[in-house]
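First the structure, in the form of structure tokens, and then the observations on it.
Chain letters run A, B, ... following the sequence lines, proteins first and then strands; every chain starts at 1.
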Amino acid sequence: MHLTKFNDDRVIKIAGQFIFAAFLIMIMSSMYGNTIAALTKRGMLPGFKFLSLAAGIDIGEHLISFNNSSSNLRAIVVGLLNTLSISILAIVFSTALGLFIGLCRLSKNWLVKNIALVYIEVIRNIPLLVLLLFWYRAVFMGLPHIKEAITIGKFQTSDGFTGARLFFSNRGMVLAWPTIGTGWSSYIYIIIGAIAISVIFGIYLNYRGKITGRKPMTLVWSFLLFSILCFIGWLLTPEAPLVMEYPQLKGFNTTGGLSISSEWGSLFSGLILYTSAFIAEAIRAGIQGVDKRQVEAARSLGLNSFQTTRLIVLPQALRITIPPLTSIYLGVAKNTSLGVAIGFPDLFSVVGTLINQTGRVLELILVVMVIYLTLSLSTSLIMNIYNRRIQLEEK
Amino acid sequence: MKNKYFEWINNNLLNTWYNTIITIFVSFFLFKITKSMILWFSSVSWEVIPRNLKLILTGSYPVGELWRIWVILGVAAFLAGVSYSLLKKGITGTALFLIIIPGSFAFLNFSSGSRIWLIILSILQIFGYLFARYIAGEKSKTVIIIGWVLFLPFMYLFISGFTSSEGILPIVKTNYWGGLLLSMLISITSIIFSFIIGLMLALGRRSELPVIKYFSIGVIETIRGVPLITLLFLGYLVLPLALPSSVTPGVLIRAMSGIILFHSAYMAESIRGGFQGLPKTQYEAAYAMNFNKFQSLVLIILPQVIKNIIPILVNSLTGMVKDTSLISIIGLLDLVGISTAIAANPKYLGDSPQVLLFLSVIYFILCFSISQTSRKIEAGMNYDNKEAAK
Amino acid sequence: MKNDIIIECRNLQKWFGEFNVLKGIDITINRGEVVVIIGPSGSGKSTFIRTLNHLEEHQKGELVINGIEMSHNIKNINKIRSEIGMVFQSFNLFPHFTVLQNITLAPVWVKKVSKEKAHTRAMELLERVGIADQAEKYPGQLSGGQQQRVAIARSLAMKPEIMLFDEPTSALDPEMIKEVLDVMIELAHSNMTLLVVTHEIGFAKAVADRIVFFDYGKIIEMGTPDEIFNNPKEERTKLFLSQILDG
């Protein structure tokens, strides 16, 4: 009797799963069948060979070389690189901005605290798309035509062209940017030397820390030393290692300098404004999430403000902040897909164009989803490992 | 009295020397920025807004049928009034505030028809509140649940209509729906369906049967790992292919399926959090009362989980309102889509900033009210708990 | 012998906004004295001992600790605090450091003691409070009584002149109160100046040199345990004692 009961339960469980799986397979195969039939009607059986065909499109911004005879696959890679590069830059800058605003939120100054609050509340309640469109249509497109571009630091070149430190036009921004000069080859040695010295210094600091038991802020001091050494080295090099290249307006184009398109600029600005608000909140929650009594205990022992913040508050605040920060960062990468609304050739935008060109809906959507999924999952995995390592030991 | 203000200024703005410098700096910048904003505001033509207001709010909905939207708003106002009565014991600042908004808009420069409707809305809210407090009393809870549940299908039916063009409720095709009307419709529909699907996914994830469990996890993690726009494209382009050729879903349904699918995954995770927040003792108590797994789930566990996550649910409504803006990318004319259409109109060239600012204000009012309501609900529920403890 | 004044309070007054929580405290405490403060909740006893190490600031009156006046713009507050040990009701151990690291943290960073010396002293203290075997565990892995003993060891590591206790056993399960009180009794016998806010009357009777009864922000009565518990003079003292003593 005992045995039959046991069997009954298990039988139901296994049967239930079979039924569910069978049901699932039925639905999926019918959907698949429909899709194949519909695609065959259009004369396109699914397959990935089309990836090696010429794309026949132009992509405005590309980190690797690309022209309209490059393959579809290469177009996707270009899009992916655009997404990655703008995501990483956006993450760095929005973290800096978010950190600043988060600290402002915690300030004792009423003005500072509330301006930060208003900023956060306004941004959090507006869709990112609206922010992007505002930057693109209202700010960048509101700038004049290149011929009447707004300039900062204008001058005339010897050939009669107009040069400037900064050009603002509806095409975007062009700014003066350092290029490699004659002194670069010698300066490289100085940089290498500075790195070596700073690293040795860092190792020494860590060693001292091990002996005294007071771990110093190695990264901060080493970086400071590195910067000072590079600066001194710069002054000592006879020929300039880097030379500012000033953009010049020739006809309808500018040459030289760093060119930031309106599309890139809008996406970047929108992303950092939007993301910084969320990062600010996460940081504020992290710091306020540390029990005030921890600070009381530390101060009662005689630790000063700085030591208390560094040794007691920050490590605990970090534990609280890291999980939401991870999902915010993942959100940045996914949000770059909104570039499609303003014409920035991010991964999704490029794929959208390719779908239009090739009609290969199924394959391309699959490819783009797999790529985003891989990005998300690998980042989550790494952050999860880090998160687990820093979690507190509990009974 | 004077002393108090000086003391406050001293403590909050000027208490240390660097604080004073910061205050001076910040005030200076604030002043400059406000001045340039005011200058810009007055130098720019705001005509584009009132000229296109109907477009922004309702899209191409036929003018003669606008009364139907007012009716829907009226029903919602009434139900809202009834809901307020459950939140707090007295008329709170928020309730008053929310009643005053339509009332005050009535004073603005709208057509007389709209102004009358706005006043009716305020009256309906107050009526709903009084009705719940003094007439329905305890039965208000049932009224609310039935009311809101029936509201969605009623809203759809009423707005789309079902009679011929001579009847009382002529059909208005979905491609005429637009603007704020469309955004709200999609948001409300999404939250309901994504809750249902999210609940199924969350339960599936908790299942002991590996096939169901890993299927749920797979679905949830896949959806959470991709941007919303990919799912929108999936719905827009792939759904028609995957369905039998006789079924041709409209653009609206395709877009909504993408949004619903996207949000069900996040909803599933929130619900899962609600489950994890429940103390184990609840499960044990249910088991001890000889309920089987299904009964204990429905009667004991679920009500508590839902009650716990109501604030999170209401907050995800803000996410949904914002995410709806993405349907403009596939060509639907929601709030953002209309703004793109207006921007393309040569008459309003260069008026994009005004339109986008107006949109931002609408979105802000919507999302901010929703999050404030969720905070009130949260406070209201804690109040409940304290009362129960006594 | 016991005339060495270490804490002196004259008309100490404090407000939380409009609420006058300390209405004029006058008390002198000698080095090596064990003073136990009793009184109902809200009487200001916790606030009082928190003003002693400047966790709370007083608005009126004088407070002199070890010859130093504790004023608003006091310099060297950190050095002063390093000579006053404080044990909290909620232990307040640092959860991201091991027990040993909790104890060595302040000596190493504040007093610049060498790592080895701090380590040795920490192990001695852990032995003294009876949990040397838990040195490498994290606070989250210890029971309440163990955590509080670590907290006591952590304060002792700074070699303080005064030890303040703010209801040290109120957050403990009954079976763990004794282990903590035992440590505090041993401390009392070691000539340390102790100020203890507590409800543990048994402890007070055993080691207190003086009992101070607080009520409504004032000291109502002070005296030896015998005087206070057996012959209370004030009505309010009698009322309070009748409420907490069984008979």
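- The distance from atom CD of Gln101(C) to atom CG of Leu311(A), rounded to the nearest 0.5 Å, is 11.0 Å.
- Trp109(C) contributes atom CH2, which lies 11.5 Å from atom OG1 of Thr308(A) (distance to the nearest 0.5 angstrom).
- Heavy-atom neighbours of Trp221(A) CH2 from other residues, nucleotides or ligands within 6.0 Å: at or below the threshold of 12.
- Between the side chains of Asn53(C) and Arg299(A), no donor-acceptor pair is found at a separation under 3.5 Å.
- Here the side chain of Asn92(C) pairs a donor or acceptor atom with the backbone of Arg293(A) at under 3.5 angstrom.
- For Phe100(A), the CZ atom sits in a loose shell: 12 or fewer heavy atoms of surrounding residues, nucleotides or ligands are nearer than 6.0 Å.
- Using a 4.5 Å cut-off between heavy atoms, Val113(C) touches chain A through its backbone atoms (N, CA, C, O) alone.
- When heavy atoms are compared at a cutoff of 4.5 Å, Phe91(C) does not approach chain A at all.
- Note that the OG atom of Ser82(C) and the CG atom of Leu303(A) stand 10.0 Å from one another [nearest 0.5 Å].
- Closest approach of Lys115(C) to Lys210(A), counting heavy atoms only: NZ-O, 2.9 Å.
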Could you go through Ile312(A) and Leu105(C), starting from their C-alpha distance and side-chain angles, then the distance that decides it, and tell me whether this counts as side chain to side chain contact (heavy atoms under 4.5 Å, CB included)? CA-CA 10 Å; Ile312(A) 309 294; Leu105(C) 186 77; 3.9 Å; yes
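- Annotation: Tyr386(A), atom OH; neighbour count of heavy atoms from other residues, nucleotides and ligands within 6.0 Å does not exceed 12.
- Once rounded to the nearest 0.5 Å, the distance linking CD1 of Ile77(C) with OG of Ser305(A) reads 11.5 Å.
- Of the possible polar contacts, one joining the Gln294(A) side chain to the Leu93(C) backbone as a donor-acceptor pair under 3.5 Å is found.
- By the 6.0 Å contact criterion, CG on Leu236(A) is enclosed, its count of non-hydrogen atoms from other residues, nucleotides or ligands being greater than 12.
- Residue Arg154(C) touches chain A through both its backbone and its side chain, counting heavy-atom pairs closer than 4.5 Å.
- The part of Ile84(C) that comes within reach of chain A is its backbone (N, CA, C, O), which places non-hydrogen atoms under 4.5 angstrom from that chain.
- The environment of Lys178(C) atom NZ is sparse: at most 12 non-hydrogen atoms of other residues, nucleotides or ligands sit within 6.0 angstrom.
- At distances below 3.5 Å, not a single donor-acceptor pair connects side-chain atoms of His54(C) with backbone N or O atoms of Ser300(A).
- Within a 6.0 Å sphere centred on OH of Tyr119(A), other residues, nucleotides and ligands contribute more than 12 heavy atoms.
- In this structure, Glu296(A) and Met86(C) have side chains that are not in contact, with every pair of non-hydrogen atoms separated by 4.5 Å or more.
- Separation of atoms CZ (Phe94(C)) and CG (Leu301(A)) is listed at 5.5 Å; rounding is to 0.5 Å.
- For Lys112(C), the parts lying under 4.5 angstrom from a heavy atom of chain A are both the backbone and the side chain.
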